[in-house]
Amino acid sequence: MIPFKKIVLLVLVVTGFAAIGQNKNKTGTNKETIVAQDGSGDFTKIQDAINASPSFPYEKVTIRIKNGTYTEKVRIPEWNTQLELIGESKENTIITFDDNFSKINLGRNSTFHTYTVLVEGDDFSASNLTIKNTSGDKGQAIALSVVANRVQISNCIIVGNQDTLYLSGKESRQYFKDCYIEGTTDFIFGSATVLFENCVIHSIKSSYITAASTPQGSAFGFVFKNCKLTADPAATAVYLGRPWRIYAKTVYINCDMGKQIQPEGWENWSKPEAEKNAFYAEYNCKGEGYQPAKRVSWSHQLSKKEAEKYTTENILKDSVPNWFSKQK
C-alpha cells in the first residue's frame with residue numbers, strides 16, 4: 001500500500017508536468033516566443049527565433065517581436081509551416097536590409113537573392129510590421145519575397161524601390177489586407193494569385209505598379225479591391241501594370257486612383273502577343289486617374305456580373321477551406 005504522503009507528492013508532480021505541457025505544442029516547444037533587442041525576450045534576433053521553431057508543427061507557432069530596428073535577412077524555410085510573426089507596432093517594429101542586384105552579383109537571377117524577408121513555409125502570417133529594403137534606387141531589390149501558399153499579411157508596411165514585393169509559388173494563394181506598399185518599377189510582381197484589400201499602393205516615381213507573370217489558365221492573378229493608389233509629387237506618369245509574362249492578369253475593383261495614373265492605364269512591355277493573352281481590367285473605380293474611356297483598347301471594364309465573381313472566397317479558394325478567415 002502506498003503511503004498517503006507519497007500519493008500527494010505524486011499528484012503534485014503530475015499536475016506540475018501537466019501545467020507545463022499546457023504552454024507547449026505537440027512538439028514540446030513553447031508556442032509563443034518573444035524577440036526583443038534589449039534582451040527581455042527569448043531571443044534578440046528574429047532569425048534565431050525562427051531557427052528554434054518546430055518543423056511542420058500541428059498548431060500555429062507565434063513569434064512576437066518587440067519594437068526595434070532589426071537589421072537582418074530573415075528566412076522562413078519550407079519546413080517552418082504555420083509560423084506567425086506579430087510586431088509590437090507596424091511603425092516601430094522594423095525588419096530591414098540593403099541587398100540589391102549589383103551587390104548580390106550572382107548572375108542574371110540575382111534579384112531573387114535580394115530579399116529582406118523570404119517566406120517559403122506555407123500557412124504563414126505576419127502583422128504589425130515594417131519590412132524594408134533600404135538599398136535605394138539601385139536596381140532590383142526585394143523587400144518581401146513570398147513563395148508559399150496560404151499566406152496572409154495584414155497591417156504591415158512594405159517599402160522598397162524596384163521589385164519591392166515578389167509573390168510566387170505554384171498555385172499559391174496570398175492575401176494582403178490593410179497594408180502600405182511602396183516602390184518604383186514593377187514593385188508588385190510575380191505569378192501567385194493575390195488579393196490586396198484596403199491597401200495603399202504608393203509610387204515613388206513615374207513607372208509601373210505591377211508586373212504579373214500569371215500562369216496560363218489561372219482564373220485570377222493580382223486583384224486589388226478597395227485600394228488607394230497614391231504617389232510622390234515626382235511620380236506623374238504611373239501605369240497600372242505591364243506583363244512580365246504574356247498571360248498576366250491584374251484587376252482593380254472599387255479602387256481610388258490618383259492623378260498619377262496614365263490615361264491609357266496599361267503597357268504591353270514591347271510584347272504584342274500580350275495584348276491578346278493578358279487580362280487587364282477595372283470595375284467601379286474612382287479618382288482623377290480613373291479614365292476608362294481612355295484606356296488601351298485591349299484592356300477591359302468589367303460588367304457588374306463579371307465583377308461579382310471576384311469574391312474573397314473565389315480568389316483565395318484552396319484545398320484548405322476558408323484558410324484566410326482562420327488567420328489572425
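Fair warning: this is a prediction, and the values are worked out from it, not measured in the lab.
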TODO: Look only at the side chain of N133 and the backbone of D99, and say whether a donor-acceptor pair between them is shorter than 3.5 Å.
DONE: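 Checked: pair present.
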
- [ ] Using atom types as modelled and distance alone, determine if a side-chain donor or acceptor of T93 lies under 3.5 Å from a backbone N or O of K90.
- [x]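 A pair under 3.5 Å: no.
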
Open item on the list: Counting neighbours of NZ on K225 that are heavy atoms of other residues, nucleotides or ligands and sit closer than 6.0 Å, is the number greater than 12?
Closed with: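 More than 12 heavy atoms, drawn from other residues, nucleotides or ligands, come within 6.0 Å of this atom.
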
Task: Neighbour count >12 (heavy atoms, 6.0 Å) for atom NZ, K317 - done: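 At most 12 heavy atoms, drawn from other residues, nucleotides or ligands, come within 6.0 Å of this atom.
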
Task: Positive for side-chain hydrogen bond (donor to acceptor under 3.5 Å, both in side chains) with R64, one of E88, E84, E32 - done: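 So, applying the side-chain hydrogen bond (donor to acceptor under 3.5 Å, both in side chains) to R64 and each of E88, E84, E32, only E32 qualifies.
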
Open item on the list: Less than 4.5 Å apart, side chain to side chain, heavy atoms only: is that true for I76 and I50?
Closed with: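 With C-beta onward as the side chain, the pair touches.
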
Task: R242 vs T185 side-chain heavy atoms within contact, under 4.5 Å - done: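 Side chain of R242 against side chain of T185, heavy atoms only: contact under 4.5 Å found.
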
If you group Ile, Leu, Val, Met, Phe, Trp and Tyr whenever their side-chain heavy atoms sit less than 4.5 Å apart, what else falls in with [X]?
{"X": "I157", "value": "V159, Y180, V200"}
{"X": "V147", "value": "F112, Y115, L118, I142, Y166, F189, W244, W269"}
{"X": "Y208", "value": "Y239"}

- [ ] Please identify each residue that fulfils side-chain hydrogen bond (donor to acceptor under 3.5 Å, both in side chains) with Y175, with sequence neighbours left out.
- [x]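 Expected list: E197.
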
TODO: Sequence neighbours left out, what passes side-chain hydrogen bond (donor to acceptor under 3.5 Å, both in side chains) with E120? Give chain and number order.
DONE: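 Testing E120 for side-chain hydrogen bond (donor to acceptor under 3.5 Å, both in side chains), a comparison that skips the adjacent residues, returns R75.
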
Can you give me every donor-acceptor pair (side chain of residues 245-253, partner residue at least two apart or in another chain, under 3.5 Å) with its distance?
from : atom 1 : to   : atom 2 : distance (Å)
K249 : NZ     : S218 : O      : 2.5
Y252 : OH     : L240 : O      : 2.9

TODO: May I ask you to decide whether D98 forms a salt bridge with K132, counting only side-chain N to carboxylate O separations under 4.0 Å?
DONE: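 The answer is no: the pair does not qualify as a salt bridge.
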
